[in-house]
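A quick write-up on the structure given underneath.
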Number of protein chains: 2
Amino acid sequence: MSNYETMSLEHYANLLRALSNPHRLQVFQLLSGCCEAGTPCRSDQVLSRCVGDLDQQLEIASSTLSHHLRELHHAGLIDMQRRGKQIFCSVNPDAQSQLRQVLDTISPLNTRPEVTHDR
Amino acid sequence: MSNYETMSLEHYANLLRALSNPHRLQVFQLLSGCCEAGTPCRSDQVLSRCVGDLDQQLEIASSTLSHHLRELHHAGLIDMQRRGKQIFCSVNPDAQSQLRQVLDTISPLNTRPEVTHDR
DNA sequence: CCTATATTTCGAAACATGTCGAATTATGAA
DNA sequence: TTCATAATTCGACATGTTTCGAAATATAGG
C-alpha cells in the first residue's frame, strides 16, 4: 500500500512465510532438484513432478499436501500445470531469484573475508 | 528425532519462519545494516541497536516488538546484550551463513540462465 | 455412460500468531 | 530510598495454520 520498501518487505516476508513450513520447504527442495549437502547439484533441467509423486515422499494426507501446494502456488513460488489426469508442479525461476534478493538484503555477500582467485 | 535431513529441514524452516513476519524481517534488515536495492552495501562492521532505537522505526507497541525480538533470538538469528539500561541487538553471523545454506538448497547457484543447445 | 485414478474442496478440531495495554522487572541517577 | 527510563511479561482477544477424512470434481479409457 504505502511505499516501495514496505511493499517489498511484505512481499519478501510472504515468500519466506510460504517456505517456513517443513513440508512446503521439502516440496520446494524436491522441485528444485536439490541437493543433499555434499552432493553435486545436477539441476540443469527444469524439474516437475506430479502431485501424487510428491505425495509419496511426504507422509501426509493428500488433502494436506494439496493445501500446501496451493500456498506455494499463491506465493508465486511454484507453477502448476495439468497434463492429462495429473497436475505437474515446477519451481518458478523468477521466484528463485527473488529469494536470492531477500537474502542479499539480509546476508550481504561482501561479508566474505577472502576473494577466490581464478587461475 | 529422525534423521539428519529431517532435522535440518525443520531447522531451516524455523529460520525462515522467524523471518516470515514483516516486522521481524525489517528488524533483521536494520540489524544487517543493509542495503536498499542498488545501494552499495557497507556492512563491514557489526551493527547493533538498542530495543528502543528499533522501536522508533517500527510503529508497533513496544511489547509487540519485544515479542518479535524474542522470536528472532530464540531462532538464533540475533544476539542480545544488556549495556546499562539498554539492551543491544545484533545479527548472529552464524545464522547468516545458515540462511545462505538454505538458499543454496532451494535456489542452486549453478542454475543456468540460458538453455544449453548441445547436440 | 460408467468406472478408476488424480487431485481438490469442505468442515471441523487443535494449536499457533500478532497485537495491545497494564503490570512488572532491571538499571542508573538524584 | 525514590524516581525515571528501558525493556519484558502477562492476560486477553481475534485471526491464521496445520491437519485430517469425507465428499466433490476432473480426466481418460473402456
Side-chain angles (χ1 to χ4, degrees), chain A residues 1-2 6 9-31 47-90, chain B residues 1-2 6 9-31 47-90:
Chain A
M1 279 271 128
S2 46
T6 305
L9 197 62
E10 308 246 325
H11 177 69
Y12 286 148
N14 246 324
L15 292 181
L16 297 174
R17 199 204 121 272
L19 294 171
S20 71
N21 172 281
H23 293 137
R24 289 196 295 268
L25 183 55
Q26 189 178 2
V27 165
F28 199 76
Q29 284 182 346
L30 287 169
L31 294 177
L47 291 197
S48 74
R49 307 207 180 186
C50 70
V51 176
D53 211 8
L54 295 167
D55 205 19
Q56 288 189 301
Q57 331 222 0
L58 285 227
E59 310 212 328
I60 54 178
S62 59
S63 55
T64 304
L65 174 59
S66 193
H67 159 73
H68 286 313
L69 291 174
R70 191 170 57 219
E71 298 264 315
L72 288 169
H73 184 60
H74 280 162
L77 286 164
I78 66 173
D79 299 324
M80 302 180 76
Q81 186 182 7
R82 175 148 236 145
R83 230 150 63 214
K85 266 187 287 190
Q86 303 172 102
I87 293 182
F88 285 79
C89 308
S90 58
Chain B
M1 316 252 184
S2 44
T6 306
L9 197 62
E10 308 245 326
H11 177 68
Y12 286 147
N14 247 324
L15 292 181
L16 297 174
R17 199 204 121 273
L19 294 171
S20 72
N21 171 281
H23 293 137
R24 290 198 293 269
L25 183 56
Q26 189 177 3
V27 165
F28 199 77
Q29 284 182 347
L30 287 169
L31 294 177
L47 292 196
S48 74
R49 307 207 179 187
C50 69
V51 176
D53 209 8
L54 294 168
D55 205 18
Q56 288 190 301
Q57 330 222 1
L58 284 230
E59 311 212 327
I60 53 177
S62 59
S63 55
T64 304
L65 173 59
S66 196
H67 160 72
H68 286 314
L69 291 174
R70 190 168 58 221
E71 297 264 314
L72 289 169
H73 184 59
H74 280 162
L77 287 164
I78 65 173
D79 299 324
M80 303 180 76
Q81 187 184 4
R82 174 148 238 144
R83 229 149 65 213
K85 266 186 289 191
Q86 302 171 102
I87 293 181
F88 285 80
C89 308
S90 59

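These numbers come from the heavy atoms of this one structure, side chains and all, not from hydrogens, waters or symmetry mates. Chain naming here is simple, since letters A, B, ... match the order of the sequence lines and numbering starts at 1 in each.
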Donor-acceptor contacts under 3.5 Å from residues 55-62 of chain B side chains, at least two apart:
none

Seminar exercise, completed: In B/S/- notation (B base, S sugar-phosphate only, - none; protein heavy atoms under 4.0 Å), nucleotides 24-30 of chain C written 5' to 3' is --SBS--
For this session: Would you sort out whether H68(A) and T64(A) count as a side chain to side chain contact (heavy atoms under 4.5 Å, CB included), showing the intermediate values?
Result: CA-CA 6 Å; H68(A) 286 313; T64(A) 304; 3.8 Å; yes
Problem set entry | Positions of residues 16-28 of chain B (non-hydrogen atom under 4.0 Å from DNA chain D), listed by number | none
Exercise. Residues in side chain to side chain contact (heavy atoms under 4.5 Å, CB included) with L15(B), at least two apart?
Worked result: H11(B), Y12(B), L77(B), Q98(B), L99(B)
For this session: With sequence neighbours excluded, tell me which residues meet side chain to side chain contact (heavy atoms under 4.5 Å, CB included) with Q81(B).
Result: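 For Q81(B), no residue satisfies side chain to side chain contact (heavy atoms under 4.5 Å, CB included) once neighbours in sequence are set aside.
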Exercise. Which pairs count as salt bridge (charged side-chain N to carboxylate O under 4.0 Å, His left out) when at least one residue sits in residues 60-75 of chain B, sequence neighbours excluded?
Worked result: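 As it turns out, the salt bridge (charged side-chain N to carboxylate O under 4.0 Å, His left out) pairs with a partner in residues 60-75 of chain B, which skip direct neighbours, are R17(B)-E71(B), R24(B)-E71(B).
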Expressed in angstrom and rounded to an integer, what is the separation of [X] atom [atom1] from [N] atom [atom2]?
X      : N      : atom1 : atom2 : result
R49(A) : dT7(C) : CZ    : P     : 13 Å
F88(A) : dT8(C) : CZ    : P     : 13 Å
H73(A) : dT7(C) : NE2   : C1'   : 14 Å
D55(A) : dT8(C) : CG    : C1'   : 12 Å

Hey, what do you get for [atom1] ([X]) to [atom2] ([Y]), rounding to the nearest 0.5 Å?
X      : Y      : atom1 : atom2 : answer
R82(A) : M80(A) : CZ    : CE    : 9.5 Å
S20(A) : N21(B) : OG    : CG    : 10.5 Å
C50(A) : K85(A) : SG    : NZ    : 11.5 Å

Exercise. What residues form a ring pair (Phe, Tyr, Trp, His ring centres under 6.0 Å) with H67(A), not counting sequence neighbours?
Worked result: none
Smallest separation among heavy atoms of [X] and [Y], with atom names:
X      : Y      : answer
A13(B) : P22(A) : CB-N, 3.8 Å
L9(B)  : Q29(A) : CD1-OE1, 3.5 Å
C89(B) : I78(B) : CB-CD1, 4.4 Å

For this session: Kindly determine whether L72(B) and L19(B) satisfy side chain to side chain contact (heavy atoms under 4.5 Å, CB included), including the steps that lead there.
Result: CA-CA 8 Å; L72(B) 289 169; L19(B) 294 171; 4.0 Å; yes
Exercise. Which angle, to the nearest 10 degrees, lies between the helix axes at the two ends of the helix from dC1(C)-dG30(D) to dA30(C)-dT1(D), each defined by five pairs?
Worked result: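 Comparing the first five pairs with the last five, the axes sit 10° apart.
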For this session: Kindly determine whether L69(A) and L54(A) satisfy side chain to side chain contact (heavy atoms under 4.5 Å, CB included), including the steps that lead there.
Result: CA-CA 10 Å; L69(A) 291 174; L54(A) 295 167; 4.1 Å; yes
Exercise. Where along residues 58-70 of chain B does a heavy atom come under 4.0 Å from DNA chain C, residue by residue in number order?
Worked result: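 Per residue number, the list reads I60(B), A61(B), S63(B), T64(B), H67(B), H68(B).
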Exercise. Between L30(A) and R49(A), is any pair of side-chain heavy atoms under 4.5 Å apart?
Worked result: yes
Exercise. Just the endpoints, please: which first and last nucleotides of DNA chain D, 5' to 3', lie under 4.0 Å from a heavy atom of chain A?
Worked result: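 Here the contact window of chain A covers dT17(D) to dA28(D).
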